[in-house]
Amino acid sequence: MTIIQNMPQASVQQKIPIEDIKDGVIFLKGGEMRALILTTAINFALKSAAEQAALIMKFQSFLNSLDFSIQISMISRQIDLSLYLATLEQKKKEQPNELLRIQIEEYIDFIKNLTQLSRIMSQNFLVVVPLSSIEKKGGGIMEKLGIGKKTEAERQSSREELLVQLNQRVEFVKAGLEGISLKTASLKNDEIIELFYKLYNIGSPGKLIIPKT
């Protein structure tokens, strides 16, 4: 027991491999980069057999066109309606019409009963677009292997080249997804920060951000 107590406790921040979030890009501690694309979903079951076959062919064509890997993630989270209910309660107090106040109160009761009977979930679909420094186009083998020191100006130039390459990948993925009738939106700094905050704080109130697509 004494040994466990004396062991240094690593902070949560040390366990998260993120070094910085800037210009809508996640910079990892190992030098890699990630961009996040929020996308919509298609109710595949409601499509006809011909439409389903066409969607499968388009998605297969999109995947085959990629010369880099991507990750598709679905995040499910129970919706917290407490703020919405608090807003309705305030509207009820401010409503001068007695009949409308009664209707708002009935609606509030309906929402409360609905949330008690079933868990209302929100689903966000994210596409992770990666890039590592070794994938940089051009450069000698020494540079790709990370051997040899660079000046600050060289590091900045290399970083900008990587950002250009990553942005090209993002636009390519977004075009491919939009080609199968999906809407897309790149996550910005504050949206990425809120996303990770919610992921690492499961019990926190609210829902994951959903930027306009």
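In this chain, residues are counted from 1 in sequence order.
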Can you tell if the side chain of [X] reaches within under 4.5 Å of the side chain of [Y], non-hydrogen atoms only?
X      : Y      : answer
Leu131 : Phe68  : no
Ile42  : Leu55  : yes
Leu177 : Thr40  : no
Tyr107 : Leu88  : yes
Ile75  : Leu195 : yes
Phe27  : Ile18  : no

query: Who pairs with Lys92 by salt bridge (charged side-chain N to carboxylate O under 4.0 Å, His left out), at least two apart in sequence or on another chain?
result: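 Scan of Lys92 (salt bridge (charged side-chain N to carboxylate O under 4.0 Å, His left out), adjacent residues dropped) gives Glu89.
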Could you tell me which non-hydrogen atom of [X] sits nearest to which non-hydrogen atom of [Y], and how far apart they are?
X      : Y      : value
Leu166 : Val129 : CD1-O, 3.6 Å
Lys58  : Gly179 : CD-O, 3.9 Å
Ser186 : Lys174 : OG-NZ, 3.3 Å
Leu162 : Ser132 : CD2-O, 4.2 Å

Side chain to side chain donor-acceptor pair (under 3.5 Å) evaluation trace for Gln71 with Ser69: CA-CA 7 Å; Gln71 178 183 346; Ser69 62; over 6 Å; no
- request: Determine, stepwise, if the pair Glu32 / Arg34 fulfils salt bridge (Lys or Arg N to Asp or Glu O under 4.0 Å).
  value: CA-CA 7 Å; Glu32 298 185 357; Arg34 298 290 187 272; 2.7 Å; yes
Same apolar cluster: [X] and [Y], side chain cutoff 4.5 Å:
X      : Y      : value
Ile26  : Val164 : no
Met74  : Val128 : no
Phe196 : Phe125 : no
Leu100 : Ile108 : no
Leu28  : Leu199 : yes

[X] [atom1] to [Y] [atom2] distance, which is reported to the nearest 0.5 Å:
X      : Y      : atom1 : atom2 : answer
Leu99  : Ile104 : CG    : CD1   : 10.0 Å
Leu63  : Ile70  : CG    : CD1   : 6.0 Å
Glu105 : Gln95  : CD    : CD    : 13.0 Å
Lys188 : Ile21  : NZ    : CD1   : 15.5 Å
Lys22  : Leu163 : NZ    : CG    : 9.0 Å
Ile193 : Lys198 : CD1   : NZ    : 13.5 Å

task: Determine, stepwise, if the pair Val127 / Val173 fulfils side-chain contact (heavy atoms from CB on, under 4.5 Å).
output: CA-CA 9 Å; Val127 179; Val173 171; 4.0 Å; yes
Using atom types as modelled and distance alone, determine if a side-chain donor or acceptor of [X] lies under 3.5 Å from a backbone N or O of [Y].
X      : Y      : answer
Asp23  : Val25  : no
Gln90  : Thr87  : no
Glu194 : Glu191 : no
Thr39  : Lys183 : yes

message: Please determine whether side-chain contact (heavy atoms from CB on, under 4.5 Å) holds for the pair Leu38 and Thr184, giving the CA-CA distance in whole Å, both sets of side-chain angles, and the decisive distance to 0.1 Å.
response: CA-CA 6 Å; Leu38 180 74; Thr184 63; over 6 Å; no
field: For Gln52, side chain to side chain donor-acceptor pair (under 3.5 Å) partners two or more places apart
entry: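 Testing Gln52 for side chain to side chain donor-acceptor pair (under 3.5 Å), a comparison that skips the adjacent residues, returns none.
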- prompt: With a cut-off of 6.0 Å (strictly less than), are more than 12 heavy atoms of other residues, nucleotides or ligands near CZ of Phe44?
  reply: yes
